[in-house]
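Reckoned from all heavy atoms, side chains included, excluding hydrogens, waters and symmetry mates. For the single chain, residues carry numbers from 1 onward in sequence order.
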Amino acid sequence: MCSIFGVESKTVALAKLQECFERTAARGPDSERWQELPCGYLGFLRLSIMGLDENGMQPFALGDDFVVCNGELYGFRPLKERLRKAGYAFRGASDCEILLPLYREYGLDLFRTLDAEFALVLYDHRRGGLVAARDPIGIRPLYYGRLPDGAMAFASEPRALVGLCETILPFPPGCYWADGQFTRYADPAHVDQFAMVEEEAACAGLRRLLMAGVAKRLDADAPVGFLLSGGLDSSLVCAIAARQLPGKIRTFAIGMDTDAIDLKYARQVADFIGSEHTEVFFTQEDAIAALDTVVALLGTYDITTIRASIGMYLVCKYISEHTDIRVLLTGEISDELFGYKYTDFAPSPAEFQKEAEKRVRELHMYDVLRADRCISANSLEARVPFGDLAFVRYAMSIDPALKMNRHNMGKYLLRAAFAQDHLLPESILWRQKAAFSDAVGHSMVDGLKAYAEAQYSDAQFAARRAKYAHAQPFTKESLLYRELFEKHYPGQSQMVADFWMPNRAWPGCDVDDPSARVLKNYGDSGK
């Protein structure tokens with residue numbers, strides 16, 4: 001994970017810009033570089049993953065054009081070779097060095113051609129200004145705002161823009177900004193017609209594309225590790241990688257010191273696939289002590305995101321402090337495609353698909369944000385195989401009637417896709433889902449609620465929640481998180497659309513807590 005910055009103005013002193021950019025130093029601890037432009041500045045903080053020597057340092061230049069990019073461009077080597085034959089010269093082994101030559105070749109159409117997770121800002125001397133773009137799912141973060149003179153500013157994290165911009169917003173995924181306006185170039189959530197309408201064919205495609213999505217994300221010049229919760233999604237990623245890589249992979253799991261639900265399942269998976277496995281434990285006191293840090297790095301007040309981030313942040317902290325790993329593969333994005341516990345209550349296939357579209361378009365504010373910040377805050381890079389663009393588009397093209405819970409088993413298609421591979425124990429492949437925030441230990445969420453309850457009387461809660469018109473806190477826990485958020489991002493609640501919650505319009509989903517534990521179908525998931 002690197003950090004990028006771009007501003008289309010020189011009205012703010014460079015020293016001030018550097019001070020703000022340094023708030024994201026954990027994303028790029030290896031080196032820093034700035035490029036002055038005729039219209040402003042580009043800044044880059046590097047975490048070396050591909051092309052580890054100095055030749056991989058950004059900004060990259062091609063004539064009078066410059067670019068900074070936080071991204072991974074898959075399949076870049078044949079592209080680089082083709083560009084080399086076309087007369088372009090390259091100084092190093094970085095994947096992102098091909099961006100400016102590709103921009104010369106394709107212009108703004110470049111972004112729709114990339115198989116990548118990326119956020120970039122480039123200076124186009126012919127336009128005389130900046131161009132910014134973000135990948136179609138928003139896996140790599142990018143935020144924007146306007147300086148007092150009205151000029152645009154872009155940064156990997158919102159904290160780099162606090163104090164510079166009055167309003168800070170997430171850069172919309174699948175869009176580019178050029179010539180003063182946003183243009184959408186891709187929307188993987190949208191499907192014109194369902195292409196996959198038979199279960200067997202759908203499963204075959206899911207298997208093929210997920211295996212390819214994992215394989216391409218194993219390409220790194222720095223050591224790779226894996227987060228393993230013991231749930232289906234991360235277990236599949238680890239099991240596929242264990243088959244594809246020589247030697248043992250390194251897996252990491254975290255749980256409460258008292259009632260970690262998933263640690264035993266993670267251990268079963270690790271033993272089955274033969275990984276070098278590490279268990280990390282934390283206490284209730286650790287969870288509460290991490291709250292302020294977690295909210296500051298996340299830039300959210302969302303209950304689910306904060307709960308689930310505590311364990312992820314702490315395990316990534318351990319990995320950063322005790323290993324040489326620089327890249328982590330994770331299991332995010334499966335739920336949005338194949339369903340949560342609450343989507344069992346979807347009243348129709350059309351409603352299931354509508355909900356999936358909403359969740360995919362909002363990923364960058366919730367699960368993807370969590371994975372990015374918890375990992376990058378510890379100077380590591382996240383890679384998300386379920387977010388592979390071809391996989392997402394394929395999964396969204398499956399008839400939603402096949403994805404609904406027709407077999408009394410959530411994510412049936414994904415499980416069935418790998419049933420013949422024997423990658424995992426049957427007890428893991430067909431185990432009911434448990435929410436990550438609960439699976440690290442029910443006592444963590446219960447303890448956070450109790451801690452928040454002790455912070456406010458009922459009268460204080462009523463008075464203090466009333467201060468917020470947007471995304472108004474509705475429990476003492478949500479008020480606690482909102483007040484921590486406002487301390488770090490005053491007046492910026494619009495960075496997140498609202499609280500992540502089940503669809504309250506559906507029967508069985510009108511609940512006052514985002515945890516799957518409050519749903520009547522949770523059953524044995526947490527055992």
Side-chain angles (χ1 to χ4, degrees), residues 189 194 199 229 231-233 259 261-262 265 301-308 331-363 365-367 370 386 395-396 398-416 430-446 448-449 452-453 471-478 481 496-527:
F194 299 122
E199 189 172 286
S229 72
L232 174 68
D233 309 326
D259 62 344
I261 299 164
D262 271 356
Y265 298 111
Y301 47 81
D302 178 60
I303 304 164
T304 301
T305 307
I306 292 169
R307 288 176 179 175
E332 273 74 27
I333 303 183
S334 172
D335 292 338
E336 289 75 11
L337 300 173
F338 299 101
Y340 297 84
K341 295 297 288 187
Y342 82 85
T343 53
D344 288 357
F345 298 103
S348 69
E351 282 293 304
F352 184 103
Q353 185 73 6
K354 182 180 177 182
E355 190 74 3
E357 290 182 9
K358 177 180 185 292
R359 291 306 188 198
V360 169
R361 292 189 181 112
E362 292 180 347
L363 264 166
M365 291 184 285
Y366 302 109
D367 276 11
R370 166 171 59 85
F386 282 102
M396 292 299 292
I398 296 172
D399 186 340
L402 299 181
K403 292 193 285 186
M404 293 183 70
N405 193 343
R406 305 182 303 150
H407 301 276
N408 194 31
M409 177 61 63
K411 301 184 182 178
Y412 177 82
L413 287 183
L414 186 59
R415 300 173 195 272
W430 298 103
R431 177 189 164 222
Q432 292 281 6
K433 175 181 172 57
F436 179 64
S437 57
D438 292 325
V440 295
H442 285 168
S443 62
M444 185 196 77
V445 173
D446 295 341
L448 290 172
K449 289 181 177 180
E453 188 70 29
Q472 189 175 76
F474 57 97
T475 64
K476 291 181 180 178
E477 183 188 12
S478 64
Y481 299 161
V496 182
D498 204 342
F499 295 103
W500 189 104
M501 291 290 289
N503 190 329
R504 286 172 158 163
W506 291 353
C509 296
D510 189 13
V511 294
D512 61 0
D513 191 287
S515 171
R517 272 200 287 161
V518 304
L519 301 173
K520 66 180 182 181
N521 66 333
Y522 192 63
D524 293 333
S525 298
K527 296 181 181 178

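Under the 3.5 Å distance criterion, the side-chain polar atoms of Lys449 are left unmatched by any main-chain donor or acceptor of Thr475. A donor-acceptor distance shorter than 3.5 angstrom exists from the side chain of Asp302 to the backbone of Trp500, with no hydrogens or angles considered. When atom types are taken as modelled, the side chain of Arg415 and the backbone of Gly410 share a donor-acceptor pair closer than 3.5 angstrom. In this structure a side-chain-to-backbone donor-acceptor pair under 3.5 Å is present from Tyr301 to Val496. Of the possible donor and acceptor atoms, one in the side chain of Arg504 sits under 3.5 Å from a partner among the backbone N and O of Val511.
Taking 4.5 Å as the limit, some side-chain heavy atom of Leu414 sits within range of a side-chain heavy atom of Ser334. A 4.5 Å side-chain heavy-atom check between Arg431 and Asp262 finds at least one atom pair inside the cut-off. Phe194 has its side chain within reach of Gln353: a pair of non-hydrogen atoms, C-beta onward, lies under 4.5 Å apart. Between Asp335 and Thr343, the closest side-chain pair of non-hydrogen atoms is not below 4.5 Å.
For the atom pair Arg517 CZ and Asp446 CG, the distance stands at 4.5 Å (nearest 0.5 Å). Taken from CD1 in Ile303 to OH in Tyr481, the straight-line distance is 7.5 Å, to the nearest 0.5 Å. Distance check, rounded to the nearest 0.5 Å: CE of Met501 to CG of Asn503 gives 10.5 Å. The NZ atom of Lys476 sits 3.5 Å away from the CD atom of Glu453 when rounded to the nearest 0.5 Å. Here the straight-line distance linking atom CG of Leu363 with atom CZ of Phe386 works out to 13.0 Å at 0.5 Å rounding. Here the CG atom belonging to Leu337 is positioned 9.0 Å from the NZ atom belonging to Lys411, to the nearest 0.5 angstrom.
Residues Tyr342 and Glu355 have side chains that bring a donor and an acceptor to within less than 3.5 angstrom of each other.
Under the 30°/60° scheme for interplanar angles, the aromatic rings of Tyr412 and His407 are found to lie parallel. Ring-plane geometry between Phe474 and Phe499 is classed as perpendicular, the angle between the planes exceeding 60 degrees on a 0 to 90 degree scale with a lower cut at 30.
Here the closest non-hydrogen pair linking Pro514 and Pro502 is CA-CD, 4.1 Å.
Relative to the ring axis of Phe352, Arg406 does not place its NZ or CZ within 45° and under 6.0 Å from the centre.
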